[in-house]
Amino acid sequence: MAKISNHLVIMAGGVGSRFWPMSTADNPKQFIDVLGVGRSLLQLTVDRFQTIVPAENVWVVTNQRYADIVSRQLPDMPADHILCEPCRRNTAPCIAYVSWRIKSADPKANIVVSPSDHVVLNTEEFRRVVTSCLKFTAESDAIVTLGMKPTRPETGYGYIEANLSAHSLRNKGIFRVDSFREKPDLQTAKQYIKKSNYFWNAGIFVWNVNTIVNAYRIYQPGMAKIFESMLPVYGTAQEQEKINELFPECENISVDYAIMEKAEEIFVCPADFGWSDLGTYGSLLQNMKHDLYGNAIVGSDVNMFESHNCMVHTAQEKRVVIQGLDGYIVAENNNTLLICKLSEEQRIKQFSGDD
């Protein structure tokens, strides 16, 4: 039996500007050192998979406008493993494209799919969980999603309802999924976290390439036909031209709706490794080191006086002095300075001018 090799797919096409002015549509958060550790979120994503997936099996799917940024930040990755979407079509077409592309090169590939802009605090536990899931999918036709143990009634995440009485015979840490739940209101979220079988949907998936390709053939035959038709050009000079022509024909739909909610062999692996999707400045504050007064600071010369619970991010090498703030965002980049209450950060989008 041929050895099954592990591949990593990183989805890095997002154009959000939730961390404006740090991030913009031209330089989204996945390409920024938002944590102040000298590595972008994309680079940190690759780093935590180093012992799981060899460098030659890393793939990034991104928008054409970001291909050069990806290449600069990941210089050791094969150039033809940067797959460029000509337009935004959500995660189902993105995953379908890279799945057929990988299958054309490695017909037995085992794949983990990850967003590019999340944070993981306990890398060792993360690697243990992902390795266990990859072993499971290498030996079965299962689709596995990681479920994060909730720590609060979060309304910004989707939830996975697991059947904790129905674990897999191959892996007692993996359970059947009963249902996927949309982002709830606060009252519903409070009900979820009172139960032990509800988990945050982290958008991290594990499967064998044949399993996911067959799932598309069954549940998204039109989309499957598009990428099946490209088999003669994968890995050739004609691939990008053909993708530019056919990719816009794909339905704009998430993999959750397209596949996960329809397929039968769906499992969840509950996990707890300090995960966050860093969707807000508030979540960024929670996932960074604080000073004695609850302030999280990125910047080479930031001086805080009588200030508490602030998120300060100054990319430029300027002296910054802050006095008397409590619960504020202070972020500076590209000649723009933002000072905003953390409690009102939902208004940042109207300031940024980005779509």
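None of the values given here were measured: they were computed from a predicted structure.
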Query raised in the report: Taking C-beta and beyond as the side chain, do Leu338 and Glu332 meet within less than 4.5 Å on heavy atoms?
Result: no
Query raised in the report: Is Arg128 salt-bridged to Glu125, cutoff N-O under 4.0 Å?
Result: yes
Query - Ion pair check, Asp117 and Lys29, cut-off under 4.0 Å - result: yes
Query raised in the report: Under a 4.0 Å N-O cut-off, is there an ion pair linking Arg176 with Glu265?
Result: yes
Query raised in the report: Could Glu139 and Lys135 be called an ion pair, given the rule that one side-chain N must be under 4.0 Å from one carboxylate O?
Result: yes
Query raised in the report: Is it true that Asp301 and Lys318 have a side-chain N and a carboxylate O under 4.0 angstrom from each other?
Result: no
Requested in this report: Could you tell me whether Glu245 and Lys242 have a side-chain N and a carboxylate O separated by less than 4.0 Å?
Outcome: yes
Query - Exceeds 12 heavy-atom contacts within 6.0 angstrom, atom CG of Asp68 - result: no
Query raised in the report: Is the cationic atom of Arg48 (NZ for Lys, CZ for Arg) positioned less than 6.0 Å from the six-membered ring centroid of Phe126 and within 45 degrees of its normal?
Result: yes
Query raised in the report: How about Tyr159 and Phe199: are their ring centroids closer than 6.0 Å?
Result: no
Query raised in the report: Is the shortest distance from a Lys or Arg side-chain nitrogen in Arg89 or Glu251 to a carboxylate oxygen in the other one below 4.0 Å?
Result: no
Query raised in the report: Checking Lys262 against Tyr219: charged group under 6.0 Å from the ring centre and within 45 degrees of the axis?
Result: no
Requested in this report: Under the side chain to side chain contact (heavy atoms under 4.5 Å, CB included) rule, what do Asn27 and Ile32 come out as? Steps first, then yes or no, please.
Outcome: CA-CA 8 Å; Asn27 193 31; Ile32 298 172; 3.8 Å; yes
Requested in this report: In sequence, state the C-alpha distance, the side-chain angles, and the governing distance for Phe19 and Tyr281, and then conclude on ring pair (Phe, Tyr, Trp, His ring centres under 6.0 Å).
Outcome: CA-CA 7 Å; Phe19 288 156; Tyr281 271 106; 5.0 Å; yes
Query raised in the report: Are the side chains of Ser71 and Ile82 in touch, meaning some heavy atoms are under 4.5 Å apart?
Result: yes
**Report entry** Lys183 with Glu154: basic N within carboxylate O range, under 4.0 Å
**Finding:** no
